[in-house]
J.: 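My questions will all concern the structure given below.
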Amino acid sequence: MRKVASCSALSFSNFYTNCAQRKPFFLSRKGLSNVIPSRSSLELHSHLYSDWLVSALIVGVNSCSRVFYCQAFHARVIKSVNYRHGFVGDQLVSNYARLGYPEYAQNLFDEMPNKDLVSWNSLISGLSRSRFTTKCLSAFCKMRFEMGMQPNYVTFLSIFSACSDEGALSEGKCIHGFAMKLGMLNDVKIVNALINMYGKSGYLHEACRLFKAMLLQNLVSWNSMIAVYTQNGLAEESMGIFIMMRRAGVEFDQATMLTVLQACENLGVRNLAGSIHGLILSFGITANVTIATALLNLYSKLGCLHASSKVFGEIIDPDNVAWTAMLAGYAVHGHGKDAIKLFQIMVKKGVQPDHVTFTHLLSACSHSGLVNEGKRYFKIMSEVYGVERKLDHYSCMVDLLGRSGHLSDAYDLIRCMPMEPTSGVWGALLNACRVYGNTELGKEVAERLFSLDPSDARNYIMLSNIYSSAGLWREASEVRALLKERSPYRTPGCSFVEHGNKIYRFVVGDRSHPQAERIYNKLEELIGKIRKAGFMSKTEFVLHDVDEEVKENMINQHSEKLAMAFGLLVTDAAMPLIITKNLRICGDCHSMAKAVSLIERRTIIIRDPKRFHHFCNGLCSCGDYW
DNA sequence: GCCTGCCCAC
């Protein structure tokens, strides 16, 4: 074994730690470093890598997801050891597969003359990790039936993990039976993998049964249960498991917290977010950047931007993800100038922005109408910051150009995109057509969207609204007929308000609330006041081609308006009223919220799937473009 | 010696 030049004892201890934690790290002339070396330096110093070190370094390569490094090491390995007989070959197989190159992995594997169980496991686990489910299952079958090899528990772990993918449950069930015959189900890791497999496929009963039947659940078992409930949209049940876990005296970890914060976001209860924040504080894990970032992200999504920036300020050494999360918060709340300021500070501090940072920065510019700034950042992002333009960036730019009314520029940008434009990109342009009433282009763009995704109701509604606004009732009703035909089951619009520890839900014309009478009276009172102040209904936003009066009645019972009336009745007048909507906010409700914010002297925040609208003194933070 | 379950945040 060759000696490695000038590595201190400390470097080696870091090396082993990194190896265990699978962090990327590399060998430099000075020793070990986590700075990724250049290609030339890799080639220059490749003679330094001894066989065992190569194998360990390859583990490090796993996490940096760059196939180039894998190949560089591969080349070195071929020169230095007979990898076909050694464990290095196994690792390479696994790495190629998990880096998303199953063909390389398969070829290398096929070349290996002595394939033992570990070799097979390397292939199977690699394919499982990178979600090549079919390839993974066929490798498993080949191993079992063609080679007659008996799988061990490592094989089963990989296989069950692969079968948690959609559509592979039946195979998973079958292999579950096989594992049972081999007596594998006493292993806690195997059962955890099964809980995930059944849970992710929607079989919560089976997941629950396995969990309860366990002799001793470990932390991962609990985390898995919490996660599968959250993934199935049962956030309340997920929180219930978390409480049970605490009662059972099991200490939580980062994985628990990230899942619980996710559940909390799904529930949308601000009170709960506060309690979890308290729990995080009491366990002194605020120093954990990952958890702090998830928490600040949660607060931002729940409409509490102040709380987000407070959490951000308390992070001792925020990384680029934390900076980006804060920037995203400013963006979605329409604080474009703050987002730009934050970006400048971030860069000044030497934190490298990545493609996600630029997505949010451009979206911030777009959401706040900072058209020139957005254009500038789009131009310099690759030149100055070395961040390649991706699909999302083009999407933001189309939105930005559309907002400023430059529809043809937006169209040109789409046409010269280096990648195929997706429905998101065309959708941004269609929205611009709606705002600027461009029927001609709107029709063309909508047609493209209909062929890309025929079942997406939003595009039909958008086009129908474009026609209605232009008074083209016949065309509008044709589009609506098309919608009915292609997407008969539409999500009803609903709005949510938190009061006490409960979330109240409203749909259009809702009378299910026990205080419906009071709510409708309040709504009538508000509308009366607004009319007096010269506010008219924007009836073009109603999708029914009926006479004006009926139109106005329906629009006056939109879920946003009911939520607003209810919120004004029951929530603290000193606090902003926060409403969440599952669909894009309607134009008439948008105008009404502006008027109410002025007349009732109340800040109203409405969150729709795209952004937050802050209504204050008769104005909205979106500048009437959304 | 290698292969291994949950969450992996923007």
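Letters go in sequence order (proteins before strands), and every chain restarts at 1. Computed from heavy atoms alone, side chains included, the values below leave out hydrogens, waters and symmetry copies.
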J.: May I ask you to check if A/Arg144 and A/Phe178 form a cation-pi contact, with NZ or CZ under 6.0 angstrom from the six-membered ring centre and within 45° of the axis?
T.: yes
J.: Grab the CG-C1' distance between A/Leu194 and B/dC6 for me, whole Å please.
T.: 14 Å
J.: How many whole angstroms separate atom CE of A/Met245 from atom C1' of B/dC6?
T.: 10 Å
J.: Please report the distance, rounded to the nearest Å, between CE in A/Met346 and P in B/dC10.
T.: 14 Å
J.: At under 4.0 Å between heavy atoms, what does A/Thr293 touch on the DNA or RNA strands: base, sugar-phosphate, or nothing?
T.: base
J.: Rounded to the nearest Å, what distance is computed from the CD1 atom of residue A/Ile315 to the P atom of nucleotide B/dA9?
T.: 15 Å
J.: Using a cut-off of less than 4.0 Å, is there contact between a side-chain N or O of A/Lys200 and OP1 or OP2 of B/dC7?
T.: yes
J.: From the options B/dC10, B/dC8, B/dG5, select the nucleotide whose nearest atom is closest to the side chain of A/Ala193.
T.: B/dG5
J.: Roughly, in whole Å, what's the span from CD in A/Gln262 to P in B/dC8?
T.: 7 Å
J.: From the set B/dT4, B/dG5, B/dC10, return the single nucleotide nearest to any side-chain atom of A/Ser158.
T.: B/dT4
J.: Do the side-chain N and O atoms of A/His306 and A/Tyr299 include a donor-acceptor pair separated by under 3.5 angstrom?
T.: no
J.: For the residue pair A/His360 and A/Tyr330, is the inter-centroid distance of their aromatic rings smaller than 6.0 Å?
T.: no
J.: Ignoring backbone atoms, test whether A/Arg129 places a side-chain nitrogen or oxygen under 4.0 Å from the OP1 or OP2 oxygen of B/dC8.
T.: no
J.: Could you check which of B/dA9, B/dT4, B/dC7 has an atom nearest any side-chain atom of A/Leu157?
T.: B/dT4
J.: How many Å lie between CG on A/Leu123 and P on B/dC3, as a whole number?
T.: 14 Å
J.: Please determine whether a side-chain nitrogen or oxygen atom of A/Asn297 lies at a distance below 4.0 Å from atom OP1 or OP2 of B/dA9.
T.: no
J.: With a non-hydrogen cut-off below 4.0 angstrom, is A/Phe160 in contact with a base, only sugar-phosphate, or nothing?
T.: nothing
J.: Which residues in residues 203-236 of chain A have at least one heavy atom lying under 4.0 Å from any atom of DNA chain B?
T.: A/Asn218, A/Val220, A/Asn223, A/Ser224, A/Ala227, A/Gln231
J.: Using distance alone, with no hydrogens and no angle criterion, decide if A/Asn196 and A/Ser224 have a side-chain donor and acceptor under 3.5 Å apart.
T.: yes
J.: Where the side chain of A/Ala325 is concerned, which of B/dG5, B/dC10, B/dA9 is the nearest nucleotide?
T.: B/dC10
J.: Please confirm whether A/Lys390 makes a cation-pi placement over A/Phe358, using NZ or CZ under 6.0 Å from the six-membered ring centre and within 45° of the ring normal.
T.: no
J.: Indicate, with a heavy-atom threshold strictly under 4.0 Å, whether A/Ala255 touches base, sugar-phosphate, or nothing.
T.: base
J.: Return the set of residues passing ring pair (Phe, Tyr, Trp, His ring centres under 6.0 Å) with A/Phe211 (not counting sequence neighbours), or none when no residue passes.
T.: A/Trp222
J.: Relative to A/Phe378, does A/Arg389 satisfy both conditions: NZ or CZ under 6.0 angstrom from the six-membered ring centre, and within 45 degrees of the ring's axis?
T.: yes
J.: Do A/Thr230 and A/Thr259 have side-chain atoms, one donor and one acceptor, less than 3.5 Å apart?
T.: no
J.: Let's see if you can work this out: which of B/dC10, B/dA9, B/dC7 has an atom nearest to the side-chain heavy atoms of A/Lys301?
T.: B/dC10
J.: Please report the distance, rounded to the nearest Å, between CG in A/Asn320 and C1' in B/dC10.
T.: 8 Å
J.: Taking the six-membered ring of A/Tyr153 as reference, does the cationic atom of A/Lys189 (NZ for Lys, CZ for Arg) lie under 6.0 Å from its centre and within 45° of its axis?
T.: no
J.: Listed in order of residue number, which residues of residues 354-370 of chain A have a non-hydrogen atom at under 4.0 Å from DNA chain B?
T.: A/Asp354, A/Val356, A/His360
J.: Pick base, sugar-phosphate or nothing for A/Asp392, based on heavy-atom distances below 4.0 Å to the nucleic acid.
T.: nothing
J.: Roughly how many Å is it from CD in A/Glu265 to P in B/dC8, rounded to a whole number?
T.: 11 Å
J.: Could you tell me whether the side chains of A/Thr155 and A/Asn152 share a donor-acceptor contact shorter than 3.5 Å?
T.: yes
